[in-house]
Amino acid sequence: MSEDTDQIPDATPVTETEVSEHEAALLEAAALAHAAAAPRPIPEEALPPEPRADRAKAFLRSMFRLAIERSHMRVALVGLVFVGVFGTIASKLLAMAIFGDPPSQEHRVAAASSTAFRPDIVDRNGEILATDIRTVSVFAEPGNIYDKDEAVELLTAVLPELNASELRAKLSSRKGRSGAGFVWVKRELTPKQQAEVHRLGIPGIGFLPDHKRVYPNGVAAAHILGATNLDGVGIAGMEKYIDSTGIQALNSFGLINKQADLKPVQLSIDLRAQFAVRDELAWGIDHFKAKAGASMILDVKTGEVIALVSMPDFDPNDPKDALSPDRINRMNVGVYEMGSTFKAMTLAMALESGKYNVNSTFDTRGGVLNWGRQKIHEYHGTNRVITMPEVFTHSSNIGSAKMALGVGVPGHKAFLRKMGLLDRLRTELPESAAPIVPSRWSEINTITIAFGHGIAVAPLQAAMAVGAIVNGGDLITPTFLKTTSDDAKAKAAHVLSTQTSEAMRYIMRLNATEGSAKKAAIPYYFVGGKTGTAEKVIGGRYIHNRLFTTFMAAAPMNDPKYLFVTIMDEPQGLPESGGYATAAWNSGVVTGKVIERVAPILGLPPQFEPPVRPFPQMVKLNAYHVNQLGGP
């Protein structure tokens, strides 16, 4: 054994338990020795007090020390803050996306006006005359626009139709003033315009859903349809009538959610006939160099207005010209002296009175009727005794005056009132005019009114009366809504006997074969009618070379279905008319062209053979030339 090796003499083997106890004893002894040698700490209460500020700094330093045991607390705190902040922002954005900002009163009013639904308007065959399309309108909130001049410059660049001064005034209004928190910039934008405004990215500029009223057929039936304003409110014509039925109230209460909830309004108008009538009238106004004109078709069995045109007209898609004085609805709003077409009323009155019959005669010799200081002249007199039908075919003023005087002033007034000619005519169209009647009605008034002077009525009003004369005696108020003959019959007033109606149909047919209505006597349609020429009153005096002409024709006269009316304002004489500008040469020509073109469209069948005994009662009375007006 080496000398360097320590040996434990006589050592006895030690077990594991014994070694551990031994080691523990040694460690305890060493610890006690170390504690005795180390300096003893000074008690805390023996130290000088530390300032509170130093303690706070120490606490904060301890919080943000990078000690690993404190990192999980710091991460949790920062995460909680981030969750709270971004959660609040996200919830706000989500609420704005779903609900938007709480609408102001101005927003609510604007939204209500810009989302009003209107029903479609269709013609009698279901063709669209007026409908809504979805669009948007752009608005501004002046309080949220920081650079007003820049906003005006940008907006007018993409919307050049805007007035820069007006827009700047709108955007410069201060909050608290009426409308300052919300102003319209432009209504009814096109998709392209909306995209351009959106790309500008101007704060305080936004969009609201809107509806635009469109009229796909342009000027067709403009005076019947009327128009709406930018808020979707009817301002004229059938559009205004629709609002009177309660549509606006339903919209204001939010009871209409989509246009499909509204039943289309079906008019009596036939769009095909409407286009045809306008074409022929436009030709007539141009050809005869008239200032204006109007034409219409009336169903005398139902009172339905099948077509109505007044020119100059306007486009309801851009109705800025609608209020021009020369663009009124001359059939319904204008009142005129109707000239000799009023002789139809006079003859019907005379027959209905029982004082005259179809074979009565009237002395027109001399060509002048003296009444006090007044002299009544014939236009183209016969200077002989003539029958009642000849009074009509020769348009005798003297014969008409004598009939009216025979009935008397009270009877004359009562008859015209019964025929609806002394009161304002009310239809669905809100626009109408009251007739102009003498304030003091004397015998001279009855004389002049007998041949169509001294009283002014709306042409539609006169057409209603003539319709009653030819349809068997039923006075039916004209309507612009599609209806049935049964409904019309139930509302009609019976004003004439069937015998008087037959006599007048016979006389009007005779006028188309022998008198002034020849220009409208289209073959195979058995037309009858009457011309009317009146001198216009200007400055309280009749002007001889300023004429207002009228033509009324019905077909077929054995069983009339339609009445055709044309009026022209100041037509001019042409070489083809020998310089004459009376009704037969202009309004009569246009009416004939309308009948020829429209009759097939309306399903009016041609009669290639004359109708058999179309006027049986007139045959029994052996009326003047009655046997020349029909088959055996």
Side-chain angles (χ1 to χ4, degrees), residues 281 284 288 290-296 298 330-331 334-349 376-380 391-401 403-404 416 419 421 435-436 447-470 504 507-512 515-521 527-537 542-554 563-571 573 577 580-592 594-595:
L281 180 64
F288 297 108
K291 289 177 59 178
S295 190
M296 64 171 290
L298 179 70
R330 285 172 168 77
M331 280 294 177
V335 291
Y336 311 97
E337 292 188 353
M338 301 297 291
S340 292
T341 54
F342 242 67
K343 289 171 182 168
M345 321 299 173
T346 304
L347 267 68
M349 175 187 67
I376 308 302
H377 296 271
E378 297 280 59
Y379 180 68
H380 43 72
V391 170
F392 202 76
T393 58
H394 292 286
S395 200
S396 171
N397 292 342
I398 293 175
S400 301
M403 287 184 207
L416 294 182
M419 301 298 288
L421 295 170
I436 301 174
I447 289 172
T448 58
I449 291 171
F451 51 83
H453 289 268
I455 184 172
V457 301
L460 180 62
Q461 194 168 17
M464 173 184 68
V466 174
I469 287 173
V470 301
M504 289 305 302
I507 291 172
M508 292 176 71
R509 172 58 183 167
L510 187 67
N511 195 43
S516 60
K518 291 178 182 178
K519 296 291 185 182
V527 177
K530 185 69 183 81
T531 56
T533 303
E535 296 172 353
K536 293 179 66 174
V537 178
Y542 285 102
I543 307 299
H544 297 297
N545 61 349
R546 308 277 286 275
L547 303 179
F548 184 86
T549 66
T550 307
F551 195 95
M552 292 192 183
L563 179 69
F564 303 85
V565 183
T566 301
I567 60 175
M568 302 196 82
D569 189 358
E570 297 188 21
S577 66
Y580 288 105
T582 50
W585 295 101
N586 40 70
S587 293
V589 172
V590 172
T591 304
V594 168
I595 294 172

Gap separating the [atom1] atom of [X] from the [atom2] atom of [Y], nearest 0.5 angstrom:
X	Y	atom1	atom2	value
Met464	Met419	CE	CE	8.0 Å
Leu281	Thr566	CG	OG1	7.0 Å
Met338	Ile455	CE	CD1	11.0 Å
Arg330	Leu460	CZ	CG	15.5 Å
Met296	Met552	CE	CE	8.5 Å
Ser400	Ile447	OG	CD1	11.5 Å

**OP:** Kindly give the heavy-atom pair with the smallest separation between Phe392 and Asn511, and that separation in Å.
**Re:** O-OD1, 3.9 Å

Original post:
Looking only at heavy atoms, which two atoms of Thr448 and Gly454 are closest? And how far apart?
Top reply: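 Scanning both residues completely, I find the closest heavy atoms to be OG1-CA, 4.3 Å.
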
**OP:** For His394, enumerate each residue passing the side chain to side chain contact (heavy atoms under 4.5 Å, CB included) test, keeping only those at least two apart in sequence or located in another chain.
**Re:**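 With sequence neighbours excluded, His394 shows a side chain to side chain contact (heavy atoms under 4.5 Å, CB included) to Thr382, Arg384, Glu390, given in chain and number order.
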
Subject >> Thr582 vs Tyr379 side-chain heavy atoms within contact, under 4.5 Å >> reply: yes

Subject >> Validation row: Met508, Val527 side chains within 4.5 angstrom (heavy atoms) >> reply: no

Subject >> Within 6.0 angstrom of His380 NE2, more than 12 heavy atoms from elsewhere >> reply: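 Count over threshold, so yes.
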
Subject >> Close aromatic pair by centroid cut-off 6.0 Å: Phe451 and His453 >> reply: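 Yes, they do, as the ring centres are separated by less than 6.0 Å.
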
